[in-house]
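The structure appears below as structure tokens.
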Amino acid sequence: MTTSHSRSQAPQPAMTDPVRNPVTAPAPVRTKRAFVLLLLTLFVPGSAQIVAGDRKLGRIALRVTLAVWGLVVLALVLLMVNRTLLIGIVTNAVASLLIIIILVALALGWAALFINTLRLIRPVLLAPGMRPIVGAALVLAMVLSSGTLGYAAYVLNVGRNAIGSIFSAGPAMDPVDGRYNFLMMGGDAGDDRTGRRPDSLSVLSVDAKTGHTAIISVPRNLQNAQFSEGSPMRKIYPDGYNCGDECLINAINTEVTNEHKDLYPGVADPGAQATLEAVSGTLGITVQAYVLVDMDGFAKLIDAMGGIDIKAGGWVPLSGPVTDEANGIHGMPEGWIPAGDQHLDGYHALWYGRSREFVDDYARIQRQQCVQQAMLKQLDPATLLSKFEDIANAGTKVVDSNISASQLGSFVDLAMKAKGQEVSRLTIGPPDFDASFSTVPDFNQIHDKVDKLLAPKSESAGAAGDTVVQPGASAGRLMAAAAAAPLTQPAPSPTSSSDFTPVTTTPDGEPITEEMLNQFKREGNEQAIRDLVATNGQCRPL
């Protein structure tokens, strides 16, 4: 009886679980409990509520957490087995909007869980010195979790808007003869011009299976360009664009924009389409799409990246206005870009790629190729992430294309295949043809060279002398540029290799200075300047 009575009169056990009831726990245990709850919320959202708070809320949050982990695992599987589909989902307008909404919802939900976790911690029970430390840890955890998801949603939305602005909503294209061929144009849209005049033209040709990439550069002053079969312009120029010395290939865009727009009903940019058809006919291949870069906006893109670093082979002038139209002579240069290692902002990088005073177009092409390589080299993940908004916003002002946004996934996947492969090149001019070839081109010879360049490796092994492998060029980077934000001429020329020494002195050993070059200009000694800057086509990215 005594035993039974004693048991009936014994007090109920006290609530001593320090996880759910920290009141009776010592201060060190309360501190440890606070950090454990924060870590649980950070790594397994919902688990803190299950062990110390509202279990119903915790179960809901934990289900969402497990579902998100499942989606992440699925994405990783797709990345390994079908990355084209994964990239296509991320770049699709509807799917990307849904992902953005989900990311925002998850960020807000995660933040709400941290606030609930703070209530469970009960800061008033912590030692006064630990309260600010726990508070700072909570803020840091929220930044790492909700902040990261929010920023991911923001970046995805910026990219989604950029894709919508740059790329078309048209149908996907199929490879022709096993290759995708893109026309890359760098154009001017000055106040005195209607439409852009493409001053740099090149074709990026990519094997649809292997990703092997070839670059064909077409000089802007090519005459008698041939329009492809089926081109509306072929009716006007059946024997080629041969209306005289003014009929250079880069004039087609402006002529069609001003005079023959009606031949291209429903086409967003008739001038660009006609130029594409002229390049197709000239090279004897089918070019399926174009990317047009506005060179005036190009400087903004360079600035958004923080500038570029190059090694310049010779001095390059920032040319003044033309004072002698007949002889193409400019006034006093407004400045000079010296030879040697240089960090160029957008303004100077644009001049470095555009200037052709004292040298020929082919030196300018080499510098344009070098500028792009420098951009691709510098556009690493850290730069892209930290300056994504500026770069994307600049890109929408710089790049225009008729490539379908629905095909970006397959092109980025192809770029990954191409990564690390050597890039072959051909220039319809020096060094592959003589300087006068563009005036009286032999199209059969061009077609033969192009066929050898684009032939499968097994077929073209014996024709290595007809193509040039670019030193240090990455096909993957070039393809990625074509898919996301392509620029001017995309490949370095052989003279852009790293084995050159910048010309910084005269033959007598006297240092070349801006004042020396300007003095020759004042004296009208243009030939002396040409001799001193003759190597300014040499360049490599740093």
Problem set entry | salt bridge (Lys or Arg N to Asp or Glu O under 4.0 Å) partners of Glu255, counting only residues at least two apart | none
Exercise. Just wondering, do Pro441 and Leu222 contact through their side chains at under 4.5 Å, heavy atoms?
Worked result: yes
Exercise. Val176 versus Ile285: any side-chain heavy-atom pair under 4.5 Å?
Worked result: no
For this session: Check whether any side-chain heavy atom of Ser231 sits under 4.5 Å from a side-chain heavy atom of Tyr264, and report yes or no.
Result: yes
Exercise. Got a donor-acceptor contact below 3.5 angstrom from the Ser96 side chain to the Ala93 backbone?
Worked result: yes
Exercise. If we ignore angles and hydrogens, is there a donor and acceptor under 3.5 Å between the side chains of Asp531 and Gln527?
Worked result: yes
Exercise. Partners of Glu510 by salt bridge (Lys or Arg N to Asp or Glu O under 4.0 Å), sequence neighbours excluded?
Worked result: none
Exercise. Judged by atom type as modelled, is there a donor-acceptor pair below 3.5 Å linking the side chain of Gln226 to the main-chain atoms of Asn224?
Worked result: yes
Exercise. Under 3.5 Å, is there a donor-acceptor pair between the side chain of Ser280 and the main chain of Val287?
Worked result: yes
For this session: Kindly say whether Arg179 contributes a backbone atom to a donor-acceptor pair with the side chain of Gln288 at under 3.5 angstrom?
Result: yes
For this session: Return the set of residues passing side chain to side chain contact (heavy atoms under 4.5 Å, CB included) with Gln223 (not counting sequence neighbours), or none when no residue passes.
Result: Asp245, Leu248, Thr439
For this session: Please collect all salt bridge (charged side-chain N to carboxylate O under 4.0 Å, His left out) contacts where either partner lies in residues 328-345, sequence neighbours excluded, each pair once.
Result: none
For this session: Please confirm whether the backbone N or O of Gly313 pairs with a side-chain atom of Thr535, one donor and one acceptor, at under 3.5 Å?
Result: yes
For this session: Please say whether the positively charged group of Lys521, taken as NZ for Lys or CZ for Arg, lies over the ring of Phe358, i.e. under 6.0 angstrom from the six-membered ring centre and within 45 degrees of the axis.
Result: no
Exercise. Counting only N and O atoms by type, is there a donor-acceptor contact under 3.5 Å from the side chain of Thr213 to the main-chain atoms of Gly211?
Worked result: yes
Exercise. What residues, two or more places apart in sequence or in another chain, satisfy side-chain hydrogen bond (donor to acceptor under 3.5 Å, both in side chains) together with Asp361?
Worked result: Arg220
For this session: For Ser146, check side-chain hydrogen bond (donor to acceptor under 3.5 Å, both in side chains) against everything at least two apart and list the hits.
Result: none
Seminar exercise, completed: Residue set satisfying side-chain hydrogen bond (donor to acceptor under 3.5 Å, both in side chains) with Asp309, at least two apart, ordered chain then number -> His343
Problem set entry | Partners meeting ring-ring contact (aromatic ring centres under 6.0 Å, His included) with Phe437 (sequence neighbours left out) | Phe433
Problem set entry | With sequence neighbours excluded, residues passing ring-ring contact (aromatic ring centres under 6.0 Å, His included) with Tyr241 | Tyr237
Exercise. Under 3.5 Å, is there a donor-acceptor pair between the Thr506 and Asp508 side chains?
Worked result: no
Exercise. How are the rings of Phe443 and His447 set to each other: parallel, tilted or perpendicular (split at 30° and 60°)?
Worked result: tilted
For this session: Report yes or no: does Arg540 contribute a side-chain atom to a donor-acceptor pair with the main-chain N or O of Lys311 at less than 3.5 Å?
Result: no
For this session: Ignoring hydrogens and angles, tell me if any N or O in the side chain of Arg367 forms a donor-acceptor pair with the backbone of Asn536 under 3.5 Å.
Result: yes
Exercise. CG/Asn157 to CD1/Ile99 distance, rounded to the nearest 0.5 angstrom?
Worked result: 12.0 Å
Problem set entry | side chain to side chain contact (heavy atoms under 4.5 Å, CB included) involving Leu263 - partner list, sequence neighbours excluded | Pro232, Met233, Ile236, His260
Exercise. Does Thr504 reach the main-chain N or O of Ala339 with its side chain, forming a donor-acceptor pair under 3.5 Å?
Worked result: no
Exercise. With a 4.5 Å limit on heavy-atom distance, are the side chains of Ile302 and Leu350 in contact?
Worked result: no
Seminar exercise, completed: Those residues at least two apart in sequence (or on a different chain) that pass side-chain hydrogen bond (donor to acceptor under 3.5 Å, both in side chains) with Thr282 are none
Seminar exercise, completed: Residue set satisfying ring-ring contact (aromatic ring centres under 6.0 Å, His included) with Tyr180, at least two apart, ordered chain then number -> Phe411
